[in-house]
> 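Structure provided below as structure tokens; questions to follow.
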Amino acid sequence: MSARNPGTTLDLEWISNVRVNTQAVLKRAQRIQGQKTPKKQWQAAWLLKAVACIDLTTLAGDDTPSNVHRLCLKAVQPLRCDLLREIDMHDKGVTTAAVCVYPSRVADAVKSLKAANSSLPVASVATGFPAGQTPLETRLQEVRMAVADGATEIDIVINRTLALTGQWEGSDFIKTSTGKEAVNATYPVAIVMVRAIRDYYLRTGHKVGFKPAGGIRTAQESLLWLTLIKEELGNDWLGPLLFRLGASSLLADIERQIYHHVTGQYAAYHDLPMA
């Protein structure tokens with residue numbers, strides 16, 4: 001993650017004066033979605049950038065040490081070696097940004113990554129994911145336990161009651177959603193959020209990261225998210241320190257696109273297994 005955001009004095013007047021031109025935001029979102037994406041080797045390069053920003057995630061009720069282990073192996077080696085060799089990236093250390101799991105699975109992930117001689121960070125959802133409605137002490141204890149087990153990044157679910165009642169403070173990263181809602185990461189919402197990040201940076205000099213999560217499944221979508229970040233926030237945000245894609249199935253489609261770039265054919269998903 002990036003350097004910690006030390007925060008700033010809470011200025012409620014600043015917040016209350018924020019206005020959003022809904023029609024302009026929707027028009028901007030349409031323009032992002034309608035843009036042409038890069039082709040051939042340029043597309044492959046941008047897809048590798050997307051891979052490097054993925055928080056490879058499993059947040060299922062039936063997670064086990066074995067499926068977490070497979071996830072970790074995929075995070076360390078996200079693309080087939082032969083494909084990387086064909087584009088001369090086999091020795092460049094291509095990995096995802098992190099592995100993201102429930103607090104109870106952090107120790108399993110840490111163990112698997114250590115066995116693979118990987119320093120990849122383990123992120124964990126905490127604080128009563130996904131509702132965030134558990135008591136404060138319970139949420140704090142969940143964070144402490146995840147950190148004690150080796151998590152170096154925590155996705156905190158804020159108590160949305162505080163946000164809805166105007167009780168705001170600073171953060172290191174902001175995220176569109178838990179990924180468990182009916183509607184998750186959308187471009188209009190993202191535009192409003194990243195412009196708030198830009199406004200905060202211009203006022204304070206502190207960079208806050210951004211993470212869209214939920215429903216991002218295709219390589220094409222990942223390219224659009226990278227385009228949005230590049231155009232709205234600039235190149236400093238185009239990396240895992242300040243940008244993450246929360247996803248579980250996205251990597252499979254990116255690997256299929258890389259396979260197509262190398263071979264001219266599309267692979268079946270069973271040709272590109274999880275591990």
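Since we're looking at a predicted model, the values are computed, not measured. Any value given below was found using the heavy atoms of this structure, including those in side chains, with hydrogens, waters and symmetry copies removed.
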> With hydrophobic residues grouped by side-chain heavy-atom distances under 4.5 Å, do V208 and W14 end up in a single group?
yes

> List the steps, then state whether side-chain contact (heavy atoms from CB on, under 4.5 Å) holds for R144 with L140.
CA-CA 6 Å; R144 294 186 193 107; L140 290 173; 3.9 Å; yes

> Mind checking the CD-CD spacing from Q33 to E221? Nearest 0.5 Å is all I need.
9.5 Å

> Could you check if a side-chain atom of V101 sits within less than 4.5 angstrom of a side-chain atom of T58, using non-hydrogen atoms only?
yes

> Which heavy-atom pair separates L83 from V262 by the least distance, and what is that distance?
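So the minimum-distance heavy-atom pair works out to O-CG2, 4.0 Å.
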
> Could you measure the distance from the NZ atom of K74 to the OG1 atom of T96? Nearest 0.5 Å is fine.
10.5 Å

> Are there over 12 heavy-atom neighbours, none belonging to Q265, within less than 6.0 Å of that residue's CD?
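Open.
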
> Please find the pair of heavy atoms, one from C100 and one from L71, that lie closest to each other, and give the distance.
O-CD2, 4.4 Å

> Heavy atoms only: give me the nearest V99-A109 pair and the separation to one decimal.
CG1-CB, 4.5 Å

> Let me check something: do L233 and V20 share a hydrophobic cluster, defined by ILVMFWY side-chain heavy atoms less than 4.5 Å apart, either directly or through other members?
yes

> Looking at every heavy atom in both I32 and L224, which two are closest together, and how far apart are they?
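So the two residues come closest at O-CD2, 3.3 Å.
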
> Are I54 and L238 connected, step by step, through hydrophobic side chains (Ile, Leu, Val, Met, Phe, Trp, Tyr) whose heavy atoms are closer than 4.5 Å?
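Yes, it is one cluster - the side chains of I54 and L238 are joined through contacts under 4.5 Å.
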
> Should M145 and V125 be regarded as members of a common hydrophobic cluster, given that ILVMFWY residues are connected when their side-chain heavy atoms come within less than 4.5 Å of each other, either directly or indirectly?
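No, because M145 and V125 fall into different hydrophobic clusters, even though each may have its own neighbours under 4.5 Å.
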
> Given K92 and L84, is the side-chain contact (heavy atoms from CB on, under 4.5 Å) satisfied, shown in steps?
CA-CA 9 Å; K92 302 299 192 295; L84 289 174; over 6 Å; no

> Run the salt bridge (charged side-chain N to carboxylate O under 4.0 Å, His left out) check on E231 and R31 step by step: do they pass?
CA-CA 12 Å; E231 292 186 357; R31 199 160 86 245; 5.6 Å; no

> Would you indicate whether K114, at its atom NZ, is surrounded by more than 12 heavy atoms from other residues, nucleotides or ligands within a distance under 6.0 Å?
no

> Would you confirm whether R244, through its side chain, and L241, through its main-chain N or O, come within 3.5 Å as a donor-acceptor pair?
no

> Is it possible for you to say whether I158 and F129 belong to one hydrophobic cluster, with membership spreading through side-chain heavy-atom contacts below 4.5 Å?
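Not linked; separate clusters.
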
> When rounded to the nearest 0.5 angstrom, what distance separates CG in L59 from OG in S124?
8.0 Å

> Please determine whether the number of non-hydrogen atoms from other residues, nucleotides or ligands lying under 6.0 Å from atom CE of M89 exceeds 12.
yes

> Not counting sequence neighbours, which residues clear ring-ring contact (aromatic ring centres under 6.0 Å, His included) with W225? List them please.
Y187

> Do T95 and S118 have side chains that get closer than 4.5 Å, going by heavy atoms?
no

> For a quick test of reading the model, state the closest non-hydrogen atom pair linking V51 to P78 and the distance between them.
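Closest approach of V51 to P78: CG1-CG, 3.8 Å.
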
> Output yes when a side-chain donor or acceptor of R80 lies under 3.5 Å from a complementary backbone atom of L272, and no otherwise.
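No, R80 side chain to L272 backbone: no donor-acceptor pair under 3.5 Å.
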
> Looking only at non-hydrogen atoms, find the nearest pair between I216 and A185 and report the distance.
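For I216 versus A185, the nearest heavy atoms are CD1-CB, 4.3 Å.
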
> Determine the sole option in F243, F173, Y201 for which the ring-ring contact (aromatic ring centres under 6.0 Å, His included) test with W237 is passed.
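With W237 as partner, ring-ring contact (aromatic ring centres under 6.0 Å, His included) holds for just one option, Y201.
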
> Holding to salt bridge (charged side-chain N to carboxylate O under 4.0 Å, His left out), I want the full list of residues that pass it with D108, two or more places apart in sequence or in another chain.
R105

> Side-chain contact, heavy-atom cut-off 4.5 Å: M193 with K175?
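A side-chain contact under 4.5 Å is absent here.
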
> State the CD-CG distance between Q220 and L250, to the nearest 0.5 angstrom.
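If we round to the nearest 0.5 Å, Q220:CD and L250:CG are 12.0 Å apart.
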
> For S104, which residues count as a side-chain contact (heavy atoms from CB on, under 4.5 Å) partner, sequence neighbours excluded?
Y102

> Please check: side-chain N/O of D253 versus main-chain N/O of A219, any donor-acceptor pairing under 3.5 Å?
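Present.
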
> Atom CZ of residue position R198 - does it have more than 12 heavy atoms of other residues, nucleotides or ligands inside 6.0 Å?
yes

> Measuring from atom CG of L223 to atom OG1 of T218, what distance do you get when rounded to the nearest 0.5 angstrom?
8.5 Å

> Give, for atom CD1 of I174 and atom NZ of K211, the distance between the pair rounded to the nearest 0.5 Å.
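NZ of K211 is found 13.0 Å from CD1 of I174.
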
> Using modelled atom types only, decide if a donor and an acceptor are shared between the side chain of D149 and the backbone of A146 within a distance under 3.5 Å.
no

